[in-house]
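Structure record follows, encoded as structure tokens.
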Amino acid sequence: MGADGWGGLRVDVSIPLPQGPLRIVLETRSPAVAIEGPSGAGKSTLLRILAGVERRADGLVEVDGIVWQEPEHGVLVPPWERQVGWAPQETLLFPHLSVRENLAYAGAEDSEVEATAELLQLRPLLERRPRRLSGGERQRVALGRALLASPKLLLMDEPFSALDRPLRAQLTRTVRNLAEERAVPLVLVSHDEEDAAILGAERWHLANGTLRRV
């Protein structure tokens, strides 16, 4: 994915956390950013800030040249107006809907659902409910649903953690190719260096309350 046409990310926020204050300063034009770091460092918190659901954060969030958050000027774009595709660790699938219905929830055409399910190896599972899926299968459904939402920004929180290594490597490359083909910029947070290396054109490390480029 090229950076042409993508205005990049500018984040300068502070947030109080139980383990101490967190200051996140991120400025990048890369359309594929991987954030690494230990558990509890604040990686998932950064995704929540970008998604607009972390109300404790104070400071600037600008995405593709549009300010999403700047309290001193009274700007706070609500989550539903940000057009973010978010695949959180908890997956948050609708339990009463089938895999097909979960994937199509944002209005994707059935042909798009079928094609994405094929790429994510979900096609045999399309009529199942989430309770009949493994952890790795639920992760793939959540990721597919995020991609099918035609997002302006794709956020992924350890999206492959429940998969075995061969499938993990294969699907990581599949998602990278999908994001590039659809020109969807992404932010990945992960403990896994291989995931970060495949998906992240630019890599950052978050630890001890500080974010730095690797």
Side-chain angles (χ1 to χ4, degrees), residues 1-2 4-7 31-34 44 47-48 50-53 63-64 66 68 77-190 195 198-201:
M1 181 191 299
D4 292 347
W6 164 240
V33 177
S44 297
L47 294 191
R48 288 174 57 81
L50 291 171
V53 298
V63 178
D64 198 19
I66 299 172
W68 282 0
V77 176
W80 55 89
E81 292 183 7
R82 297 190 181 197
Q83 291 183 249
V84 163
W86 188 20
Q89 288 187 50
E90 303 85 0
T91 71
L92 303 177
L93 301 180
F94 298 105
H96 61 294
L97 300 182
S98 67
V99 168
R100 182 188 301 276
E101 290 165 331
N102 268 282
L103 289 172
Y105 188 77
E109 298 289 337
D110 197 55
S111 59
E112 295 178 285
V113 170
E114 293 271 354
T116 301
E118 183 73 32
L119 288 169
L120 296 178
Q121 301 186 28
L122 292 169
R123 196 143 187 199
L125 310 174
L126 281 171
E127 308 313 324
R128 290 191 188 179
R129 299 286 177 87
R131 67 177 180 275
R132 296 182 55 212
L133 302 178
S134 69
E137 290 164 350
R138 286 194 294 271
Q139 283 185 324
R140 280 180 275 157
V141 175
L143 183 54
R145 183 176 62 185
L147 281 163
L148 285 164
S150 300
K152 290 183 177 177
L153 181 65
L154 178 63
L155 307 177
M156 296 181 289
D157 195 345
E158 303 282 1
F160 310 107
S161 60
L163 303 180
D164 59 48
R165 179 54 65 185
L167 181 59
R168 184 173 184 147
Q170 179 183 347
L171 289 179
T172 305
R173 289 180 172 84
T174 295
V175 170
R176 179 193 65 192
N177 292 338
L178 277 172
E180 289 177 349
E181 287 168 10
R182 300 177 186 186
V184 177
L186 65 88
V187 178
L188 165 80
V189 302
S190 180
D195 288 355
I198 293 171
L199 274 168

Can you tell me how far apart [atom1] ([X]) and [atom2] ([Y]) are? Round to the nearest 0.5 Å.
| X | Y | atom1 | atom2 | value |
| --- | --- | --- | --- | --- |
| Arg165 | Phe160 | CZ | CZ | 11.0 Å |
| Leu93 | Leu103 | CG | CG | 8.5 Å |
| Leu47 | Glu158 | CG | CD | 10.0 Å |
| Leu119 | Glu181 | CG | CD | 8.0 Å |
| Leu188 | Ile198 | CG | CD1 | 10.5 Å |
| Leu171 | Arg176 | CG | CZ | 12.5 Å |

Heavy-atom pair of closest approach, residues [X] and [Y]:
| X | Y | value |
| --- | --- | --- |
| Leu133 | Arg138 | O-NH1, 2.6 Å |
| Ala142 | Thr91 | CB-O, 3.8 Å |
| Trp6 | Pro31 | NE1-CA, 3.6 Å |
| Asp195 | Arg168 | OD2-NH2, 2.9 Å |
| Leu126 | Ala117 | CD2-CB, 3.8 Å |
| Leu163 | Gly136 | CD2-CA, 3.6 Å |

(request) Please report the C-alpha distance between Leu199 and Met156 in whole Å, then the side-chain angles of each, then the deciding distance to 0.1 Å, and finally whether the side chain to side chain contact (heavy atoms under 4.5 Å, CB included) criterion is met. (result) CA-CA 10 Å; Leu199 274 168; Met156 296 181 289; 4.0 Å; yes

Any side-chain heavy-atom pair from [X] and [Y] closer than 4.5 angstrom?
| X | Y | result |
| --- | --- | --- |
| Glu137 | Leu125 | yes |
| Val141 | Pro130 | no |
| Arg140 | Thr174 | no |
| Val84 | Pro151 | no |
| Tyr105 | Val113 | no |
| Arg182 | Leu147 | yes |
| Leu50 | Arg82 | no |

(message) side chain to side chain contact (heavy atoms under 4.5 Å, CB included), that's the test. Do Trp68 and Glu81 meet it? Break it down for me.
(response) CA-CA 9 Å; Trp68 282 0; Glu81 292 183 7; over 6 Å; no

(request) For the residue pair Ser161 and Gln139, confirm or rule out a side-chain donor-acceptor distance under 3.5 Å. (result) yes

Is the backbone of [Y] close enough, under 3.5 Å, to the side chain of [X] for a donor and an acceptor to pair up by distance?
| X | Y | answer |
| --- | --- | --- |
| Arg129 | His96 | yes |
| Arg173 | Ala169 | yes |
| Arg48 | Val53 | yes |

(request) May I have the step-by-step check of side chain to side chain contact (heavy atoms under 4.5 Å, CB included) for Leu178 and Val184, ending in yes or no? (result) CA-CA 8 Å; Leu178 277 172; Val184 177; over 6 Å; no

(message) Evaluate Arg100 against Asp110 for side chain to side chain contact (heavy atoms under 4.5 Å, CB included), listing each step before the verdict.
(response) CA-CA 8 Å; Arg100 182 188 301 276; Asp110 197 55; 2.9 Å; yes

